[in-house]
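Heads up, the thing below is written out as structure tokens.
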Amino acid sequence: QVTSFQGVAVRSLSTSSPHDHPEHGRLVYKGNLAKTVLGVKFFSYSTSIFNLFMMPYIMLKSGIGVESLLVQAAFYGLIGIFTFVTPVTLHILTKGYVIRLYYKDEVDTYTAITYNAILAEKVTVFHQKDVKIPDITKMFTTFYAKTKSMLVNPALFQNPQDYNHLMGYDKSSVFKFEDLEEVKEADER
């Protein structure tokens, strides 16, 4: 692998693929909304911090301290909603969005990278047997890894077999003839 660095050729002796991570394994999924999620959360946090710093100034200049109790409650409630509820809601909705998903063939483990509340990357390691598919389709959940909800877009998997293995669709379902007869008898009753 040869790269150019300001006109000087630099040779890399790396034998691994750019999609491999030595600790986590092979990259099988990369979310296309990672920068958007990070940007929206950062904007929400920054406006909340701005609100917290500006609130005392606004209260002093507006004279809200001498108004009625009802007006004060409405003002503080409105500021509180934009300052605290919006970032918390955004975090709850996006905490399971998978930025990157790695797979280690040797141990059949996945490593999901998500954003935590302070916008740092959070690592969740789980086995394929820990994956549970919700019985009812949920808006922000594709599957559960142990008890944590995860959201992925199946179309963004580089290899469809990786998605099938993650979800357990590649496991063969063997039905016994006796089981089929029991189902028929139950339907007839």
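The first residue of the sequence shown is numbered 1, and numbering continues consecutively from there.
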_Pairs touching residues 111-122 that satisfy side-chain hydrogen bond (donor to acceptor under 3.5 Å, both in side chains), sequence neighbours left out_ = Arg100-Glu121

*Quick one: side-chain hydrogen bond (donor to acceptor under 3.5 Å, both in side chains) partners of Asp108, sequence neighbours excluded?*
Tyr103, His165

[X] [atom1] to [Y] [atom2] distance, which is reported to the nearest 0.5 Å:
X      : Y      : atom1 : atom2 : answer
Thr83  : Tyr45  : OG1   : OH    : 13.5 Å
Ser48  : Phe84  : OG    : CZ    : 7.5 Å
Tyr102 : Glu23  : OH    : CD    : 10.0 Å
Leu52  : Ile79  : CG    : CD1   : 9.5 Å
Leu27  : Ile113 : CG    : CD1   : 10.0 Å
Thr124 : Asp130 : OG1   : CG    : 11.5 Å

*Please test Val28 against Tyr163 for side-chain contact (heavy atoms from CB on, under 4.5 Å), starting from the C-alpha separation and ending with a verdict.*
CA-CA 8 Å; Val28 294; Tyr163 176 73; over 6 Å; no

*Test Phe42 against Leu119 for side-chain contact (heavy atoms from CB on, under 4.5 Å), laying out the working first.*
CA-CA 8 Å; Phe42 180 76; Leu119 305 180; 4.0 Å; yes

*Apply ring pair (Phe, Tyr, Trp, His ring centres under 6.0 Å) to Tyr97 and list each qualifying residue two or more places apart in sequence or on a separate chain.*
none

_Results of ring pair (Phe, Tyr, Trp, His ring centres under 6.0 Å) for His91 - residues two or more places apart only_ = none

In the structure I gave you, are the side-chain heavy atoms of [X] and [Y] within less than 4.5 Å of one another anywhere?
X     : Y      : result
Val98 : Tyr110 : no
Thr94 : Lys41  : yes
Arg26 : Asp105 : yes

*Should Phe157 and Leu101 be marked as a side-chain contact (heavy atoms from CB on, under 4.5 Å) after you check the CA-CA gap, both sets of side-chain angles, and the distance that decides it?*
CA-CA 9 Å; Phe157 277 82; Leu101 185 67; 4.0 Å; yes

Quick one: side chains of residues 141-153, donor-acceptor pairs under 3.5 Å with protein atoms, not counting sequence neighbours, listed by atom name and distance.
unit_1	atom_1	unit_2	atom_2	d
Thr142	OG1	Val152	N	3.1
Thr142	OG1	Val152	O	3.0
Tyr144	OH	Lys138	NZ	3.0
Asn153	OD1	Ala155	N	3.1

*Output yes when a side-chain donor or acceptor of Gln128 lies under 3.5 Å from a complementary backbone atom of Leu166, and no otherwise.*
yes

_Other residues, nucleotides, ligands: >12 heavy atoms within 6.0 Å of Ile118 CD1_ = no

*Please say which of Val88, Thr86, Thr89 ends up in a side chain to side chain contact (heavy atoms under 4.5 Å, CB included) with Ser44.*
Thr86

*Got a sec, which residues hit salt bridge (charged side-chain N to carboxylate O under 4.0 Å, His left out) with Asp135, two or more places apart in sequence or on another chain?*
none

